[in-house]
Amino acid sequence: MSEPRAKTRTKPAGEKDGYRGILFVISSPSGGGKGTLIRRLRETVPGVGYSVSWTTRAPRPGEVDGVSYRFASEEDFERKRQANGFLEWAVVHGHLYGTARAAVRQEMARGRDIILEIDVQGARAVRKAMRSVVSVFILPPSFGLLRERLTARMTERPEELELRLANARGEVEQYRYFDYLILNDEVERAAAQLAAVVWAERARRRRQEWVARGVLASLAEGLRSTANAFGAARDRAEPTGPLAEGLPTTCC
Ligand code: 5GP
């Protein structure tokens, strides 16, 4: 007979005492490098889903509809908003952006952690709407580097780039409402810190209690079967030694 095993995370998601997905919100000013850090995170940490946002801004070269964003017309966006299809939505740098409610619900019901890469307004709205949110703010090291990064990626027209830089200060001022701050001055370290946040949040006692209960149940079961096996062996054994020979025994 095989040994009783501790319950593991293979339990079907959504069960009362199973692992529930964590909702991570990650924000930074445009050019703060959160895209790169999130990509690294998803390459190195298993089980992290990503919510593809809706937006009315035009696709940049290389962006794929349904992968980078769900690119929508203002009418489509408005229709979805009216139908209560967004967990949150906001006007960011002059365009509409929104998180599809159904996608988040679906991932979390499957027991997967999910990342929302959204702006500070969206982060505030999600914190209000959801019971449990882990929020991370990625700090750019300096204004100079922010400008350098935004200029180097050549994805915005000059006036759009200036708007994003102008908005950066107000966004960084919101850092105080986030659970974690990661300075993105060195990508390797910043990526490792983000991964560490995810691992640490997963290990929180309240998220692992059902695992501990499984281990305890397994220990109790193991001890019971060991005691039973020991008792059976003792009953089967032929009496030998001083007792069998009727000699006086010393006891402890
Ligand atoms: P970008 O146009 O550079 O892709 O994104 C501009 C800003 O919009 C970024 O700060 C990004 O995080 C934010 N953003 C992307 N998707 C969403 C969303 O669904 N909701 C909100 N509130 N912001 C978003």
Side-chain angles (χ1 to χ4, degrees), residues 23-39 41-42 49-74 76-81 83-108 114-130 133-140 146-175 177-178 180-182 184 190 194:
L23 184 57
F24 289 97
V25 165
I26 302 186
S27 299
S28 82
S30 202
K34 61 183 175 304
T36 307
L37 296 183
I38 291 171
R39 210 166 30 252
L41 177 73
R42 299 190 66 216
Y50 179 82
S51 156
V52 176
S53 292
W54 282 49
T55 184
T56 58
R57 87 150 160 72
R60 295 173 186 144
E63 284 186 329
V64 178
D65 188 30
V67 178
S68 321
Y69 278 106
R70 169 78 203 279
F71 295 101
S73 64
E74 298 217 347
D76 284 349
F77 195 100
E78 181 56 19
R79 248 194 304 278
K80 190 165 176 79
R81 195 181 69 78
N84 200 25
F86 291 120
L87 174 61
E88 63 75 35
W89 67 275
V91 179
V92 190
H93 312 316
H95 304 286
L96 289 162
Y97 293 82
T99 304
R101 193 185 290 280
V104 173
R105 202 178 275 160
Q106 213 169 42
E107 285 289 279
M108 292 186 72
I114 185 160
I115 300 238
L116 308 186
E117 182 184 346
I118 60 180
D119 88 313
V120 291
Q121 307 169 74
R124 191 180 328 122
V126 172
R127 274 195 297 264
K128 261 195 192 159
M130 304 294 280
V133 177
V134 177
S135 58
V136 182
F137 194 86
I138 309 293
L139 283 164
L146 206 56
R147 178 183 282 282
E148 215 174 273
R149 283 198 192 134
L150 278 175
T151 311
R153 72 184 197 190
M154 293 193 301
T155 48
E156 277 77 32
R157 291 193 309 274
E159 61 276 18
E160 174 108 345
L161 190 146
E162 292 307 322
L163 176 66
R164 286 175 180 240
L165 283 173
N167 289 340
R169 182 174 170 193
E171 291 173 303
V172 173
E173 276 171 355
Q174 300 290 310
Y175 79 86
Y177 302 111
F178 286 73
Y180 294 93
L181 300 181
I182 296 178
N184 191 14
L194 185 57

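Ligands are counted one by one from 1 in listed order, and the atoms in each one are counted from 1 as well.
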Are any side-chain N or O atoms of T56 and backbone N or O atoms of L96, one a donor and one an acceptor, separated by less than 3.5 Å? yes
Residue G122 vicinity, atoms of ligand 1 by number, heavy atom under 4.0 Å: 22 (N)
I want to check a possible cation-pi pair here: R70 against F77, using under 6.0 Å from ring centre and within 45° of the ring axis as the test. no
Side-chain donor/acceptor of R81 to backbone N/O of G98, under 3.5 Å: no
Would you check, one step at a time, whether the test salt bridge (charged side-chain N to carboxylate O under 4.0 Å, His left out) holds for E162 with R157? CA-CA 9 Å; E162 292 307 322; R157 291 193 309 274; over 6 Å; no
Heavy-atom contacts under 4.0 Å between R70 and ligand 1: side chain, backbone, both, or neither? neither
What's the shortest distance from atom 6 (C) of ligand 1 to any protein heavy atom, and which residue and atom give it? Y97 OH, 3.5 Å
Using distance only, find each side-chain donor-acceptor pair of residues 84-94 under 3.5 Å and give its atom names and separation, not counting sequence neighbours.
unit_1	atom_1	unit_2	atom_2	d
N84	OD1	R101	NH2	3.1
E88	OE2	T99	N	3.4
E88	OE2	T99	OG1	2.5
H93	ND1	N167	ND2	2.9

Look only at interatomic distance and state if W54 has a nitrogen or oxygen under 3.5 Å from any nitrogen or oxygen of ligand 1. no
Is a side-chain N or O of S27 found less than 3.5 angstrom from the main chain of I118, in a donor-acceptor match? yes
If you measure every N/O of V92 against every N/O of ligand 1, is any gap under 3.5 Å? no
Do H93 and ligand 1 have an N or O pair less than 3.5 Å apart? no
Does the N or O separation between Q121 and ligand 1 drop below 3.5 Å for any pair? no
Between P29 and K34, what is the shortest heavy-atom contact and its length? O-NZ, 4.2 Å
Please work out whether any backbone atom (N, CA, C, O) or any side-chain heavy atom from C-beta onward of K34 is under 4.0 Å from ligand 1, and answer side chain, backbone, both or neither. side chain
Should you measure from each heavy atom of R57, which atoms of ligand 1 turn up under 4.0 Å away? 1 (P), 2 (O), 4 (O)
Among all the protein's non-hydrogen atoms, which is closest to atom 3 (O) of ligand 1, and how far away is it? R164 NH1, 2.6 Å
Checking a contact table here: which protein heavy atom is nearest atom 20 (N) of ligand 1, and how many Å away? E88 OE2, 2.7 Å
So, does H95 sit close enough to ligand 1 that a heavy atom of it is under 4.0 Å from the ligand? no
Is the closest N or O pair between S53 and ligand 1 shorter than 3.5 Å? yes
For atom 5 (O) of ligand 1, what's the nearest protein heavy atom and its distance? Y69 OH, 3.3 Å
When you measure from the side chain of R149 to the backbone N and O of G32, does any donor-acceptor pair fall under 3.5 Å? yes
Indicate yes or no: at least one non-hydrogen side-chain atom of Y180 is less than 4.5 angstrom from one of V134. yes
So, is D119 polar-close to ligand 1, with some N/O to N/O distance under 3.5 Å? yes
Using a strict cut-off of 4.0 Å, indicate which atoms of ligand 1 neighbour a heavy atom of A90. 22 (N)
According to the salt bridge (charged side-chain N to carboxylate O under 4.0 Å, His left out) rule, which pairs have a member within residues 50-59, sequence neighbours left out? R57-E63
Out of curiosity, is R60 lining ligand 1, as in a heavy atom under 4.0 Å away? yes
I138 pairs by side chain to side chain contact (heavy atoms under 4.5 Å, CB included) with which of L181, L37, T36? L37
